[in-house]
Amino acid sequence: MLKPLYLDKNDELVLLDQRRLPLEEVWLRLRTPEEVAEAIKTLAVRGAPAIGIAAAYGFYLGVKDYKEAAREEFLKRCRYLRELLGSTRPTAVNLFWALERMMSVAEYPVSPVHKIINKLRAEALRIQEEDLEACINMARHGASLVPKNARILTHCNAGALATAGYGTALGVVRKAHEEGKVELVWVDETRPLLQGARLTAWEMEKEGIPYKVICDNMAGYVMSKGLVDMVIVGADRITAEGDVANKIGTYALAVLAKHHGIPFMVVAPTSTFDLSIKKGSEIPIEERKEEEVLCFAGKRTTPQKAHAFNPAFDVTPSELISYIVTEKGVLRPPFAKSIKELFS
Ligand code: MRU
């Protein structure tokens, strides 16, 4: 199974550079928290759970040489690391969730600093292990809802690359395929950065799962032709009432799915829930550089003076969602109630 990032025995973070896929499989070795922050910002590592895991390792890399530090100096360093890694991408809550887990270990009272550093290493490894386990459980729960001969449409990449391994939405697809239920996966290209065409297609190819790439604007057509049985996507943040932030374009797919009576499934671990907010409108949406829209594969495709708007995520309101699948089971509407029960 593909493990897109790991801490190696020299305490370096090794990760598959997702900017270069599918043309080249290049593994980066990161040694400092600043390098990890840059990798997250530039999408060398991406996908909500994976950036949480990377941030946890980045945090550890930033303290591992502080064994001799006094407690105050050590905690000051930890606060710097939380700020550095937490200011990389604003939307996926897994990033902040992982950093808070690291901070609460760092602040553990009275332990000597060198012992806390060992605990921080163990915590980062645990965050990754738990995510893999969550993916496997989500896959099991989600696959039970996939009909026979399913033609599934997915958006962006919520696969092994976006997690500790196996994937959220693509974990469900993998499991359903193993069970012989997948006829075809429609892979949305996912402009502007092509996470679907580059990454999801790459994963489908490796697994031998039948797929076809479509441009984002073809989804309505394939649905109207009766060629889609289910839409399955991941999430970057889910509110207490079940509104879901995910890759830009997800909302339009949910509206289309509702119009065509197609079940719309969101698959995400409990680390993606943000119970401090109720409404999707409260989720901070990352806006990225306009060049990502103005260019295609590094080449300018628009007039020199053109400007662009580039929100990286949108919000799908809970009423458009049929199921939210977590590692603990399947949530159904009304989500405000089922989410409350899940976390109580
Ligand atoms: O900008 P990205 O590529 O990090 O966006 C990723 C997504 O929107 C994924 O669908 C989401 O993080 C879920 S990944 C399991």
Side-chain angles (χ1 to χ4, degrees), residues 2 4-5 15-19 21 39-55 88-98 128 130-132 134-139 142 153-174 187-203 216 231-238 244-254 264-274 280 283-289 292-293 310-316 321 324-327:
L2 171 71
L5 73 172
L15 59 85
L16 184 55
D17 187 344
Q18 299 191 34
R19 298 164 301 192
L21 288 173
I40 295 173
K41 258 190 214 159
T42 59
L43 274 59
V45 57
R46 46 143 302 280
I51 64 178
I53 297 163
T88 49
R89 299 194 71 193
T91 303
V93 79
N94 310 59
L95 176 74
F96 308 101
W97 169 87
Q128 179 159 23
E130 285 176 9
D131 186 63
L132 184 56
C135 285
I136 289 168
N137 285 322
M138 284 182 276
L153 190 144
T154 192
H155 190 64
C156 193
N157 171 269
L161 290 166
T163 58
Y166 208 70
T168 58
L170 291 190
V172 172
V173 169
R174 275 195 169 88
V187 175
D188 258 5
E189 172 186 48
T190 319
R191 273 284 283 154
L193 295 179
L194 308 180
Q195 287 93 331
R198 295 187 303 106
L199 309 175
T200 296
W202 182 79
E203 287 197 35
D216 302 325
V231 177
I232 309 183
V233 295
D236 286 83
R237 197 184 289 227
I238 304 177
V244 169
N246 191 50
K247 178 53 56 198
I248 190 78
T250 303
Y251 167 54
L253 283 179
F264 190 91
M265 180 194 285
V266 174
V267 189
T270 46
S271 55
T272 304
F273 286 75
D274 180 355
I283 300 174
I285 299 293
E286 175 182 9
E287 280 184 32
R288 296 184 59 86
K289 282 198 227 126
E292 290 178 355
V293 173
N310 188 14
F313 300 94
D314 59 24
V315 174
T316 300
I321 299 167
I324 300 179
V325 176
T326 75
E327 72 274 27

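Start at 1 with the first residue, then count along the sequence. Every number for a ligand or one of its atoms is a count from 1 in the order of the listing. Bear in mind that the values here come from a model prediction, so they are computed numbers and not experimental data.
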For [X], state whether at least one heavy atom is located under 4.0 Å from any atom of ligand 1.
{"X": "C156", "result": "yes"}
{"X": "P49", "result": "yes"}
{"X": "H155", "result": "no"}

Using only atom types and a distance under 3.5 Å, with no angle test, would you say the side chain of [X] pairs donor to acceptor with the backbone of [Y]?
{"X": "Q128", "Y": "L5", "answer": "yes"}
{"X": "T91", "Y": "E286", "answer": "yes"}
{"X": "R198", "Y": "L21", "answer": "yes"}
{"X": "R174", "Y": "A139", "answer": "no"}

Give the numbers and elements of all ligand 1 atoms closer than 4.0 Å to a heavy atom of [X].
{"X": "A48", "value": "12 (O), 14 (S)"}
{"X": "D236", "value": "7 (C), 8 (O), 9 (C), 11 (C), 12 (O)"}
{"X": "A162", "value": "14 (S), 15 (C)"}
{"X": "F313", "value": "1 (O), 5 (O), 8 (O)"}
{"X": "R89", "value": "1 (O), 2 (P), 4 (O)"}

Verdict with reasoning, R46 to N157, per side chain to side chain donor-acceptor pair (under 3.5 Å): CA-CA 9 Å; R46 46 143 302 280; N157 171 269; 3.2 Å; yes

Would you check whether [X] has a nitrogen or oxygen atom less than 3.5 angstrom from a nitrogen or oxygen atom of ligand 1?
{"X": "Q195", "value": "yes"}
{"X": "A158", "value": "no"}
{"X": "N157", "value": "no"}

Whether D274 and R237 form a salt bridge (side-chain N of Lys/Arg under 4.0 Å from carboxylate O of Asp/Glu) is what I want to check. yes

Beyond-backbone contact of [X] with [Y], side-chain heavy atoms, under 4.5 angstrom:
{"X": "Q18", "Y": "W202", "result": "no"}
{"X": "Y251", "Y": "T316", "result": "yes"}
{"X": "F273", "Y": "I324", "result": "yes"}

Among protein heavy atoms, which sits nearest to [atom], and what does the distance come to when rounded to 0.1 Å?
{"atom": "atom 10 (O) of ligand 1", "value": "N246 OD1, 2.6 Å"}
{"atom": "atom 5 (O) of ligand 1", "value": "K247 CE, 3.3 Å"}
{"atom": "atom 13 (C) of ligand 1", "value": "A235 O, 3.4 Å"}
{"atom": "atom 15 (C) of ligand 1", "value": "T168 OG1, 3.1 Å"}

Qualifying residue for side chain to side chain contact (heavy atoms under 4.5 Å, CB included) with V233, from N246, I321, V267, T168: N246

